[in-house]
Every structure is written in structure tokens, then in C-alpha cells.
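Lettering follows sequence order; numbering is per chain, from 1. Worth saying up front: this structure is predicted, and the values here are computed from it rather than measured.
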There are 2 protein chains.
Amino acid sequence: MKPKITLKDIARELDVSISTVSKALKNSKEISKDTKDRIKAFAKFYNYRPNNIALSLKNRRTKNIGVVIPDIVHHFFTTVFRGIEKYANSMGYNVIICISDESFDKEVINMEMLANGSIDGFILSLSAETQRKNDFTHLKELLDQGIPIVLFDRVTQDVACDKVVLNDVEISRESVEHFIGKGSEKIALITTDNYFNVSESRKDGYLEALKDNDIPFDENLILTLPHDLDNTKLITEFFEKNEIEAVLCVNEIFAVQCMSVIQQMGFRIPEDISIIGFTDGILSRFSSPKLSTVAQHGEKMGELAAKMLINRMESTEVVEEPFKTEIINATLIKRGSTIN
Amino acid sequence: MKPKITLKDIARELDVSISTVSKALKNSKEISKDTKDRIKAFAKFYNYRPNNIALSLKNRRTKNIGVVIPDIVHHFFTTVFRGIEKYANSMGYNVIICISDESFDKEVINMEMLANGSIDGFILSLSAETQRKNDFTHLKELLDQGIPIVLFDRVTQDVACDKVVLNDVEISRESVEHFIGKGSEKIALITTDNYFNVSESRKDGYLEALKDNDIPFDENLILTLPHDLDNTKLITEFFEKNEIEAVLCVNEIFAVQCMSVIQQMGFRIPEDISIIGFTDGILSRFSSPKLSTVAQHGEKMGELAAKMLINRMESTEVVEEPFKTEIINATLIKRGSTIN
DNA sequence: TATTAACACGAAACCGTTTTCGTAACTTTT
DNA sequence: AAAAGTTACGAAAACGGTTTCGTGTTAATA
């Protein structure tokens, strides 16, 4: 057991002052070569490393960034997080992660805990409950205290900060138009009411595409599902009641559930019904047929979010740069569940 | 913009000493009720919160724990992490996460970065490369410095510390015996050489089951696949060459790939071939038929790991408790891919 | 009334760094 | 030989807290 060694320890052992040790280790030219060599050798031998906490206190920056996401067992968030971690790490930052679990209170508590010095900035995606309540005072207060925040994916207009979002409207439109281009007119949308803004945008894109192509909108072709339950029954009913040629699902779980149901009902994919999902996760890649899907490029998104945050944190400009909203372009990956 | 307020600020404004403020806020009875009230009111008004970094420095504990895992986009690790986060948070700890990306160097560098004061203890699962190299000096050094470590899932005998593992051997045996109980004798194992100890254990269980039931071991019935590629060709060949009644796969990706291939070849699941996978993830739940699988109870594992770590960190015993290895009992979830 | 106890607070040390500034001891210049 | 300039180092403050100990004032006791 050899406990951590401090500057003070070195100073005592070598009979010099703490400042001398500090300077020597930073190669200051105030210190003679002899003394420097002695100190460096000693430090190396005892594997001296400066204490991060002391440095944080002194420098008033922790080199930690806080990431708050609604859920970790979720492909999209997971990939975003990986992007954040990679970039942050490459810039010498550590990442403290908190899961809000879609709960407003947890989001608030976690952020307040971290905000008292533990981190220099936040990257977050709003919890479902926060979006429902439309209460962003916790974010505003942190921004007020000078703590930078970058919002991604589930964002809000109500807080002024940097953001990274997906072009949800456009990619939905593009997806629906892909269906239309292949001759489909009865196009369904399977969505959720869980995280509002992104599903809303996706619906908007769906509607736009219909409108632009003079296809009348049929309310019955929209199915709203609760999240993460077994929706077999609802989906079956939906397809029994309606004659459908193509389906856009706002996530990959709905998409594979849907595929499985309609295959069970005797339809062929994509000959009878085409499907496109969101999130190019493991489900999409290993379903049969393979699911055509909207790749959200989560890793890129995370990387960009981290880059924006670190830029702002390290910026020395006197006048702060205006807040930016960056848009990540999703891409439609055409696989076996659509006619291509 | 209202910047964070410190004890010093309060002291100055209220014309008392810093120590008085500190004591007042901690409700010390050294301070008169009057003064306490004044100080508390002021502190509340300005939303005073003690600075975590300063506390960490003073108390020489950060209330942060470091989690190092090989991969985050992986259902099992993700659930373990969720368990860690939940328990840690409930105990007032934050979690700093580092992804080793299966690389030895990253594992070492990340841990050293964190070890200089940023965290009080580690929870980690060894990277593939670390296991391959069999080099654990970084862990031993940290333990030497008095930093507690809890290893989970991918562990090693070579370091003396707390561990949490799955009963891989037993659950594999149980799975294979389930096949045998349903009349299968030609039982295949699809495995990986990527993370040694767990796949080795799973193979051991497989072998034990065969032996106990007097089924001769046929080397050809073991297929070793590289990770995460499209293994369709290898799997197809494997099933063409061998007559197989049941397959145990060491992860769910292999299992669904396998299912898809053999369905393509015209076999019925589970009538012709039964399948069991490892990891009760999203793939298993949404495949058709639904995959019978070994649930690893990752969340429980994470929670237990966190509990062991925090226990040790907070223990005030003079003589340290001996290291423990806890075993999580996996359970076989029987779904549509097996005859039940 | 003198002594002691209780009360209410402040000074200072400490956690581990960095950094500014001061200075003793030489060396160089005039 | 006196003045000025270097060199090589140490003291101390600062980051933001906690905590021990000392002390002046008032209240209780002898």
C-alpha cells in the first residue's frame, strides 16, 4: 500500500519549499537544473500526479461535463452518448452521466447536484415529463449562473442555448415521399405521444408529404401507441380496419412489432406493405426482412453537441457568441422492408 | 446572470465571519438564533449551495464513482450501468463513465485520469484486450493506493478485489439440459473468442451438460464467430454441414442471425431446431418467434456491484473485510424458440 | 463582589495546488 | 568598492469550504 504522494510530501522529503516543487515539476526556469532534476526524479519514482480536485478548485473548472439523458437502455441515446464521450475524452474532459428516467424531478435534482461545482457544462435531452410540463426554470437558472448547456434531440424553443437537432420534418417527408414514389397512397403513421416535439415534427413531415402530393389526409391512418408495451392487439386492429400500403413508424420497436403483426396476418413485406422506421439500431439490422430506417447519426450528434459545449466553455471571447442550433441530417437507409 | 455565491460573500454582506456563516448554515448551536436566522434567510434568498469541489478537497472524498465498461451500445452493459447509476444516485453518489472500447490502453489511461482524486472507487468490466494481454498492473496499482475496485462480469482471478459474476457455467448447463430434456442430442454451440472468460465458462457448461448426459462431444458442433460482422455465410455452411437439433448461442445477436439463417433454409423453429441465446435484450423480445434466452439480470448485477463498492468505501472498520465474489443467478426465459 | 460558567463569535489551520512577490546571495557593471 | 542586475528559492495568498480552539461579554454562582 503506497498512498498518493503530494507536493507537500515531496517538499518535506527533499527539504525544499512546496512552491519550489511545484515550479520544478512545471519546468520553471526559476529553479536550477540541479534542483529540478532531484525533484523530478523523486516525483517520478513515487509516481506523483497532481490532485485533480485541488486543481479544479484552483482553476475553477473541473474538466467534467454532465450528460443528462432520459434513458440509457435505448439505442439512440446510447450512440449519442458514445459520441459525446469520445469527443470529450479526446479533449481531456470526463463525463458524468445522469439518467432522468423521463422524470422531471430527477432531471432537476441531478442537475442541481452537479451544478454545484462538479461540472463545467451540461449536455441534455429533455425528459418526457419536462416536455409535458413545459417547465424549464431549472435550465434557465443554470444558464443564469453562467453554466453553459447544449440541448439535443428533445429540445425546446423556450430556453436560449446551443442545440443540436435532427431534421425530423424533412426526413419524414422524404420517407413518405419514398413510399409515394413507389406508388403507395394509403400511407399510415404509427407514432407515440411520449416525447412530444420529435414525434410532432415527424407527423408534420408526414402531413407535408401528403399535402404536397395531393393525397387526402385520413385521420384513421394515424395510430398512436403507448410506449414499450405489447401493442400487438392495437396494431392488428389497426391493420384490420384499414387498407394500408405503407407505414412510417417513429421508432424501430414499433416498426418491428408492426412487421411481425402484418406478417402474421399474411401480408408480405414489402410487396403488400412497406415499412420504414426511425433509429438504425440493432432491431432494424437483424429483422427479416431488414428494416428500412431513418439513421439519426447519434454519434455524430453527440460529438457535435460536445464540440459546441466545449467550444463555449473554453471560449475566452468577451462578448459571447450567439447561440446556435445545428441540424443533423438524417438519412434514409433503404433495406428489405421497402421497394427500392 | 447571478453568479454562484460563496460563504465568503455571505460573510462580507452580513458582516460576520466565514466560520459563523458555515456554522449557522449547519445549524450549530454555537450560533445564536438571531444570527442563524439572518444568515439562513440570506443564504436561501441567494440560493446558496456549498461548492462540491471544495467539499471534496476538504473531506478527501468526492462522492463520485468511476465506471469503466468496454462498450455502451450493448444491452447487457447498459442495464448493468443503469443498476449502478440507480443505486449510486440513491446513495448520493455521481457516476463518471469511461468507455474502454475493448482497448487496454484506453482502460489504463481513463482509470489513471480518474484515479488522481476524481473518484473514490471503480466499478469495471475488463476490456477484451486486457483479458487477452492478461496484464492487470493498472488495477493492482490502484488497489495498492487504497482505491477500491469492484469487477463485474468480465473478471479475473489475478486481482484481489470484490467481484460480481454470473453463474455462466450452470446456466449454460441448464440450457443445454433443457434441450436434452426435450429430446435433442445434436446440440450446437455458437460462440465467440472475443471475451474470453465468459464464453469459456459458457462452453464449459455446455460440455458438462453433454458429459453428464452421456452425449459424445462433437467438435464440429462448435462454431466460433467473429463479433458483429455479417456471419450469414459461416452460419449457413455450419448448418449445411451438420445435422443440428438445437443451438445455444452466447449472445442474442448470434441467436437472431442464426434464427434468420435457418428459417431461410426452410427449417422451422422450434419444431426442427430450437434456439437459446444469452442476454434478454430487445432483439430477443421482438424476434419471431420470440427468442428463449438467458436473462443476465444486468440491473441487479450493477446494483450489487455499486452496493459492494459503496459499502467498502464507507466502511470505517479498522481491519478491512475480506474480498467477496458474489454470484448472480441467471434465469432461462423460455419463449417461442424452444419447445417448452 | 470576585469567580466561574455559558454564550456567541472570530482567527486560523487545513485539504493540494498555482502563482505572485519578496529577498538573500552572488555576479556583473561602473 | 559601491551600485545594479541575476539567480534560486521561499512565504503567502488564493480557490471554498469545515473545524478546532481561543476569547470577550454576559450570566450564574460562591
Short side-chain to backbone donor-acceptor contact, [X] and [Y], under 3.5 Å:
X        : Y        : answer
B:Ser315 : B:Asn311 : no
B:Arg312 : B:Glu321 : yes
A:Ser22  : A:Ser19  : no
B:Lys36  : B:Ser28  : yes
B:Arg82  : A:Ile72  : no

Listing, residues 50-59 of chain B side-chain donor-acceptor contacts under 3.5 Å, not counting sequence neighbours, or none:
| unit_1 | atom_1 | unit_2 | atom_2 | d |
| --- | --- | --- | --- | --- |
| B:Asn51 | OD1 | B:Ile53 | N | 2.7 |
| B:Asn51 | OD1 | B:Ala54 | N | 3.0 |
| B:Asn52 | ND2 | A:Met113 | O | 2.9 |
| B:Asn52 | ND2 | A:Asn116 | O | 3.3 |
| B:Asn52 | ND2 | A:Ser118 | OG | 2.9 |
| B:Ser56 | OG | B:Asn52 | O | 3.0 |
| B:Asn59 | ND2 | B:Leu55 | O | 3.2 |

Ignoring hydrogens and angles, state whether a donor on the side chain of [X] or [Y] is under 3.5 Å from an acceptor on the partner side chain.
X        : Y        : answer
B:Thr130 : B:Glu107 : yes
A:Asp120 : A:Thr62  : yes
B:Thr35  : B:Ser32  : yes

Quick one: list whatever passes side chain to side chain contact (heavy atoms under 4.5 Å, CB included) with [X], sequence neighbours left out.
X        : value
B:Val165 : B:Val155, B:Thr325, B:Ile327
B:Ile5   : B:Asp9, B:Ile10, B:Phe42, B:Tyr46, B:Tyr48
A:Asp101 : A:Lys106, B:Lys86

Applying ring pair (Phe, Tyr, Trp, His ring centres under 6.0 Å) as the test, list every pair that has at least one member in residues 98-133 of chain B; sequence neighbours left out.
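Listed by first then second residue: B:Phe104-B:His138.
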Can you tell me how far [atom2] of [N] sits from [atom1] of [X], to the nearest Å?
X        : N      : atom1 : atom2 : result
A:Leu14  : D:dG10 : CG    : P     : 11 Å
A:Asn52  : C:dT17 : CG    : P     : 10 Å
B:Asn116 : C:dC15 : CG    : P     : 18 Å
B:Arg12  : D:dG16 : CZ    : C1'   : 13 Å
A:Ile53  : C:dT18 : CD1   : P     : 14 Å
A:Asn59  : D:dG16 : CG    : P     : 12 Å
A:Leu55  : D:dG16 : CG    : P     : 15 Å

Given side chains that start at C-beta, do those of A:Glu102 and A:Glu129 come closer than 4.5 Å, heavy atoms only?
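No, every pair of side-chain atoms sits at 4.5 Å or beyond.
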At what angle, to 10 degrees, do the two end axes of the helix from C:dT1-D:dA30 to C:dT30-D:dA1 meet, given five pairs define each axis?
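Axis angle across the helix from C:dT1-D:dA30 to C:dT30-D:dA1, nearest 10°: 70°.
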Whether A:Arg61 contacts D:dC15 is assessed here as follows: a side-chain N or O lying under 4.0 Å from the phosphate OP1 or OP2. Is that the case?
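For D:dC15, OP1/OP2 do not have a side-chain N/O of A:Arg61 under 4.0 Å.
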Presence of B:Ser22 side-chain N/O under 4.0 Å of D:dG17 phosphate oxygens OP1/OP2:
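The answer is no; no side-chain N or O of B:Ser22 sits under 4.0 Å from OP1 or OP2.
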Where along residues 36-50 of chain B does a heavy atom come under 4.0 Å from DNA chain C, residue by residue in number order?
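Going residue by residue through residues 36-50 of chain B, none turns out to have a heavy atom under 4.0 Å of DNA chain C.
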State which residues pass ring pair (Phe, Tyr, Trp, His ring centres under 6.0 Å) with A:His297; sequence neighbours excluded, sorted by chain then number.
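So A:His297 forms no ring pair (Phe, Tyr, Trp, His ring centres under 6.0 Å) with any residue.
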Dump every N/O contact between nucleotides 11-14 of chain C and the protein below 3.5 Å, one line per pair.
| unit_1 | atom_1 | unit_2 | atom_2 | d |
| --- | --- | --- | --- | --- |
| C:dA11 | N7 | B:Ser19 | OG | 3.3 |
| C:dA11 | N6 | B:Ser19 | OG | 3.2 |
| C:dC14 | O2 | B:Lys58 | NZ | 3.3 |

Mind listing the residues from residues 25-35 of chain A sitting with a heavy atom below 4.0 Å of DNA chain D? Number order is fine.
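Contacts with DNA chain D under 4.0 Å: A:Glu30, A:Ile31, A:Ser32, A:Thr35.
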Taking salt bridge (Lys or Arg N to Asp or Glu O under 4.0 Å) as the definition, give me every residue that meets it alongside A:Asp105, ordered by chain and number, with sequence neighbours left out.
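If we apply the salt bridge (Lys or Arg N to Asp or Glu O under 4.0 Å) test to A:Asp105, skipping adjacent residues, there are no hits.
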Please write out each protein N/O paired with an N/O of nucleotides 23-26 of chain C under 3.5 Å, distance rounded to 0.1 Å.
none

